[in-house]
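A short write-up of the structure that comes next.
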Amino acid sequence: MTENMYDVIIIGAGPAGLSAAIYTGRARLNTLIIEKEKDGGQIVITSEIDNYPGSLANESGPSLVDRMVAQADRHGAKKVYDTVIACDLKGDIKHVKCKKAEYTAHSVIIAAGAHPRPIGCTGEQEFIGKGVSYCATCDADFFEDMDIYVVGGGDTAVEEALYLTKFGRQVTLIHRRDQLRAIKSIQDRAFANKKLNYMWDTVVTELHGDGILEFMTVRNVKTGEETVIKANEDDGTFGLFGFVGFIPESELFKDQLNLRNGYIVTDDNMHTEIPGVFAAGDIREKSLRQVITAAADGAIAAMEANAYIEGYCLVNLG
Ligand code: NAP
């Protein structure tokens with residue numbers, strides 16, 4: 001076996017990839033995880049994980065990730081930090097080309113996840129890190145006792161807005177409709193929180209400032225009325241957090257795999273249409289994107305990869 005040849009390559013070290021690595025490790029498969037940035041995927045930017053079985057009270061995403069990473073290490077998965085730039089998945093030997101090196105394997109598990117969708121307003125790129133953020137855990141304390149605005153109405157936006165109320169003078173949720181998408185239990189907590197205000201039927205259109213976010217324009221989508229929101233004079237800036245969903249990291253695979261709305265299509269056992277290639281977690285087309293479903297996908301993909309490599313079919317074994 002050459003130095004860069006593995007039984008399984010796992011692309012992505014989020015909950016799906018790390019779970020897959022725990023299972024491939026336990027199956028004694030020679031496993032490489034390729035992670036482009038930070039371990040943990042979306043959960044490192046999640047302030048509190050309340051619904052993963054066994055997570056501790058008020059446990060943060062990074063804390064849960066630390067334990068998952070340690071567990072994957074314990075089971076022998078090797079990890080490199082590199083960015084995948086091309087893949088050839090079709091043959092018996094799969095080729096994964098990264099910026100720093102090329103790797104090969106009998107099987108590949110794609111667990112590359114998704115990245116935050118931009119708010120979509122003018123000036124957004126310019127003010128990232130200068131007022132605009134997509135991570136409450138990372139950036140909340142920059143806006144201690146300042147005004148904070150959160151865009152979005154789903155579980156993420158409302159949960160992160162609640163977390164931000166611990167920091168901001170006040171937090172205003174800007175949502176494009178007049179009803180939240182978030183589940184009822186999260187909504188109940190939000191409506192009971194006195195520091196959380198709402199701007200319904202509203203979108204952010206433009207951001208302005210001299211090197212830092214100082215004011216923004218919002219538009220009421222029903223009336224068309226535009227309002228300029230300025231930073232408090234003493235603060236000079238405010239926080240604008242975008243939580244408007246995620247975009248799957250599937251661009252690299254679009255010529256080889258079947259995608260639907262950008263998500264990789266698999267069967268119930270994580271098989272893509274290419275033998276030996278599996279997808280797991282948020283990159284996969286499915287109805288529920290949670291840590292628990294990502295972890296379950298990873299486990300299934302790993303055991304299916306093992307069966308593929310060993311040359312039998314798990315499902316038919318009953
Ligand atoms: P999501 O459910 O897709 O919600 C995205 C929100 O952003 C929606 O309210 C949507 O508005 C709004 N939006 C989308 N594009 C927009 C745009 N261009 N401008 C303004 N607003 C826009 O995403 P999510 O909240 O990140 O959740 C993703 C998945 O993770 C979901 O399955 C969710 O249940 C899960 N999750 C679960 C938990 C939990 O269980 N505790 C926590 C976080 C996330 P509309 O409502 O009008 O479409």
Side-chain angles (χ1 to χ4, degrees), residues 14-16 40-65 111 113-125 132-137 149-164 172-191 193 196 198-207 216-222 226-227 229 240-250 260-263 280-297:
Q42 290 305 317
I43 58 169
V44 282
I45 61 168
T46 304
S47 40
E48 192 180 326
I49 306 281
D50 190 36
N51 54 1
Y52 185 69
S55 51
L56 310 172
N58 303 317
E59 179 155 34
S60 71
S63 152
L64 181 61
V65 165
H115 60 268
R117 175 181 290 130
I119 297 165
C121 53
T122 308
E124 183 169 356
Q125 285 297 317
V132 172
S133 171
Y134 309 96
C135 174
T137 328
Y149 297 84
V150 169
V151 185
D155 290 344
T156 307
V158 182
E159 283 206 325
E160 297 305 303
L162 278 165
Y163 174 76
L164 287 163
T172 305
L173 195 86
I174 302 175
H175 184 36
R176 65 182 178 182
R177 292 187 294 132
D178 61 3
Q179 267 184 341
L180 297 175
R181 179 182 290 276
I183 56 162
K184 187 77 172 51
S185 60
I186 298 178
Q187 290 195 29
D188 289 347
R189 279 164 52 218
F191 292 133
N193 188 309
L196 199 46
Y198 301 87
M199 270 187 175
W200 301 112
D201 301 312
T202 302
V203 292
V204 179
T205 54
E206 285 174 31
L207 309 185
M216 66 178 171
T217 309
V218 300
R219 179 167 49 83
N220 184 301
V221 293
K222 284 191 176 153
E226 295 203 325
T227 308
I229 297 174
L240 178 66
F241 288 80
F243 300 111
V244 296
F246 295 94
I247 299 172
E249 298 275 359
S250 59
R260 206 174 290 141
N261 297 320
Y263 294 97
D282 283 4
I283 199 164
R284 189 172 83 83
E285 189 192 45
K286 59 180 181 175
S287 61
L288 186 62
R289 293 195 173 80
Q290 304 264 290
V291 184
I292 190 170
T293 59
D297 285 2

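Position 1 is the first residue of the sequence; numbering continues from there. In each ligand, atom 1 is the first atom listed, and ligand 1 is the first ligand listed.
Between Tyr263 and Phe246, a ring centre-to-centre spacing not shorter than 6.0 Å is recorded.
Heavy-atom minimum distance, Val291 versus Ile43: CG2-CG2, 3.3 Å.
Residue pairs meeting the salt bridge (charged side-chain N to carboxylate O under 4.0 Å, His left out) criterion with at least one member in residues 283-296, sequence neighbours excluded: Arg260-Glu285, Arg284-Asp297, Lys286-Asp297.
Looking at residues two or more places apart in sequence or on another chain, you find no salt bridge (charged side-chain N to carboxylate O under 4.0 Å, His left out) involving Asp50. Residues meeting the side chain to side chain donor-acceptor pair (under 3.5 Å) test with Asn51, sequence neighbours left out: Gln290.
In this structure a side-chain-to-backbone donor-acceptor pair under 3.5 Å is missing from Asp282 to Ala294.
Using a 4.0 Å heavy-atom criterion, the residues that approach ligand 1 are Asn51, Arg117, Ile119, Gly152, Gly153, Gly154, Asp155, Thr156, Glu159, His175, Arg176, Arg177, Arg181, Phe243, Val244, Gly245, Phe246, Arg289, Gln290.
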